[in-house]
Amino acid sequence: MTKGYLDYQSASPVDPRVVEAMTPHMIEHFGNPSILFRSDGDAARQALEEARERVAGFTGATPAEIVFTSGATEANNMALKGVALKFQSKGKHIISSVVEHRSVITPLKYLERLGFEVTSLPVDAEGFVNPDDVEAAIRDDTILVSVMTAVGEVGTIQPVGKIADIAKAAGVLFHTDATAAEAWIPIDVSTLPFDLMTLSSNDIYGPRGVGALYIRKGTKLEALVHGGGQERGLRSGTENVPGIVGFGLAAEIMGDEMEADTARVKPMRDRLMDGILEGIEDTTLNGPRDLRLPNNANIRLAYIEGESLLLSLDMEGISVSSGSACSAKTLEPSYVQLAMGIKHEEAHGSLQFTFGRWSTDEDVDMVFEVLPGITKRLREMSAFKPGMTYDKENFGHHGPA
Ligand code: PMP
């Protein structure tokens with residue numbers, strides 16, 4: 001079913017064990033957890049709270065610190081806007097980074113329109129945020145630092161422990177979007193000084209449309225969705241019990257199987273990464289070699305456009321991404337890669353491979369069988385040649401540098 005699928009960062013299949021656990025909560029136990037004094041409501045409430053315990057257990061949180069949302073996007077919005085609105089009388093300055101997901105960048109842009117000030121820290125050539133830059137950016141009116149745990153697109157694992165320590169020492173709240181990291185890096189909020197952490201269900205092979213925000217006990221947020229007062233008033237709306245049950249089991253399985261998943265996937269990823277870098281000329285790794293998510297290989301192939309690579313690989317039954325899936329709607333190259341100093345025309349030729357629980361060596365073999373030939377053919381046809389540069393004013397026309 002997942003043959004040739006190397007794009008787990010964009011979407012993951014749901015673990016069949018999770019699907020099985022969810023089904024009864026749609027057909028038999030479909031009760032509303034807010035209904036009191038009735039067994040169907042009790043059963044739904046119990047399922048909801050068991051799932052909360054499982055998600056909490058996965059991250060070292062207590063169940064009361066987990067608020068379920070419709071996904072990582074909502075959790076990021078809840079954290080950023082929730083803190084901003086709650087603490088605006090204390091200060092209106094927020095620190096983040098240029099490589100965050102759009103579900104962090106866009107709410108921060110919105111907050112800027114409301115009068116907040118955002119310092120968006122740069123990254124180095126491998127995508128790392130420098131903790132010293134965080135320290136230097138903190139001001140008296142800083143209320144929040146938000147840096148993602150790992151950059152899903154290029155695999156960079158950020159020094160979030162250090163950054164959170166710096167925020168804590170300055171009395172500033174720290175939020176991290178753990179979406180891209182949660183399947184590969186054990187995160188224990190009982191030992192890490194994170195105040196807020198975004199989790200997603202699909203990234204650990206649970207259903208889509210579910211996520212959570214970890215909110216450290218005592219951390220106050222303004223609610224964004226008002227209504228029936230579910231989720232301690234922070235997120236009104238009848239709970240998505242089947243989805244949450246699935247998320248809960250996915251989290252428990254992830255906790256049990258993370259080590260085995262990593263041990264299986266990393267050698268496959270290394271074989272693909274090294275095979276392309278050594279076997280195809282003019283290829284460069286994007287992001288760091290170490291301190292990298294074990295499931296990510298992001299490689300740029302000079303003198304090719306990523307979209308034509310994507311299409312050619314798709315015709316061979318191989319699914320990958322070019323740059324960030326979220327910016328694939330536009331023909332602009334990935335802002336993450338541009339922020340790392342990668343040139344416009346080079347970023348266009350990047351391929352992002354992401355492995356997951358059902359990846360096999362056969363997937364890697366499929367790439368090796370076709371990618372050298374595709375690369376050769378596309379380079380022969382390409383408008384990009386050595387010494388040419390991207391002309392932003394006149395897209396599509398390329399001249400000597
Ligand atoms: N944060 C990161 C790092 C992501 O990669 C994604 C997309 N998978 C999101 C947030 C948003 O997730 P969702 O679309 O499920 O809300």
Side-chain angles (χ1 to χ4, degrees), residues 5-14 18 55 59 67-82 96-110 120 123 127-129 146-158 160 163 175-185 187 194 196-214 224-225 235 237 240 243-244 246-247 250-251 254 286-287 292-296 298 319-329 334-337 339-340 350 352-357:
Y5 188 78
L6 286 165
D7 196 17
Y8 277 78
Q9 167 72 22
S10 297
S12 294
V14 180
V18 168
V55 172
T59 57
V67 170
F68 288 115
T69 65
S70 64
T73 297
E74 189 188 333
N76 283 337
N77 272 267
M78 184 185 278
L80 301 166
K81 295 183 204 162
S96 188
S97 90
V98 288
V99 293
E100 299 302 308
H101 188 260
R102 282 179 201 276
S103 56
V104 165
I105 290 177
T106 315
L108 288 178
K109 285 222 154 63
Y110 170 73
S120 198
V123 293
F128 290 108
V129 172
S146 177
V147 175
M148 69 206 307
T149 316
V151 188
E153 183 181 336
V154 291
T156 313
I157 299 171
Q158 298 291 9
V160 278
I163 294 171
H175 165 250
T176 191
D177 175 0
T179 303
E182 62 188 352
W184 308 101
I185 304 171
I187 301 172
F194 298 169
L196 300 146
M197 179 169 70
T198 292
L199 296 167
S200 144
S201 157
N202 189 231
D203 290 69
I204 52 172
Y205 319 112
R208 249 177 270 178
V210 194
L213 184 66
Y214 156 76
L224 305 181
V225 180
R235 205 279 184 172
N240 169 11
I244 290 169
F247 181 19
M254 194 74 250
N286 290 325
R292 178 184 194 97
L293 290 175
N295 75 320
N296 172 298
N298 191 318
S319 306
V320 299
S321 273
S322 71
S324 164
C326 307
S327 65
K329 284 199 202 92
S334 133
Y335 64 88
V336 170
Q337 292 181 40
M340 289 159 66
S350 289
Q352 180 191 346
F353 303 88
T354 44
F355 293 74
R357 186 170 284 160

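Predicted model, so just to flag it, every value in this text is computed and none were measured. Counting starts at 1 for both ligands and their atoms, following the listed order.
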Query raised in the report: For ligand 1, is any non-hydrogen atom under 4.0 Å from Met148's backbone (N, CA, C, O), its side chain (CB onward), both, or neither?
Result: side chain
Requested in this report: Could you tell me whether some N/O pair between Asp177 and ligand 1 is separated by less than 3.5 angstrom?
Outcome: yes
Report task. For the pair Thr176 (side chain) and Ala178 (backbone), establish whether a donor and an acceptor sit closer than 3.5 Å, ignoring hydrogens and angles. Result -> no
Query raised in the report: Between Ser103 and ligand 1, which part of the residue brings a heavy atom under 4.0 Å of the ligand: side chain, backbone, both or neither?
Result: side chain
Query raised in the report: How about Ser12 and Asn202: does a side-chain donor come under 3.5 Å of a side-chain acceptor?
Result: no
Query - Thr73-ligand 1 polar pair, N/O distance under 3.5 Å - result: yes
Query raised in the report: Does a donor on one side chain and an acceptor on the other come within less than 3.5 Å for Asp177 and Thr179?
Result: yes
Query raised in the report: Do Gln9 and Ser321 have a side chain donor and acceptor closer than 3.5 Å?
Result: no
Report task. Heavy-atom contacts with Gln9 under 4.0 Å: which atoms of ligand 1 show up? List them by number with element. Result -> 5 (O)
**Report entry** Option whose closest heavy atom lies nearest to atom 15 (O) of ligand 1, chosen from Ala72, Gly152, Ala75
**Finding:** Ala72
**Report entry** Qualifying residues under ring pair (Phe, Tyr, Trp, His ring centres under 6.0 Å), relative to Tyr8, sequence neighbours excluded
**Finding:** Tyr5
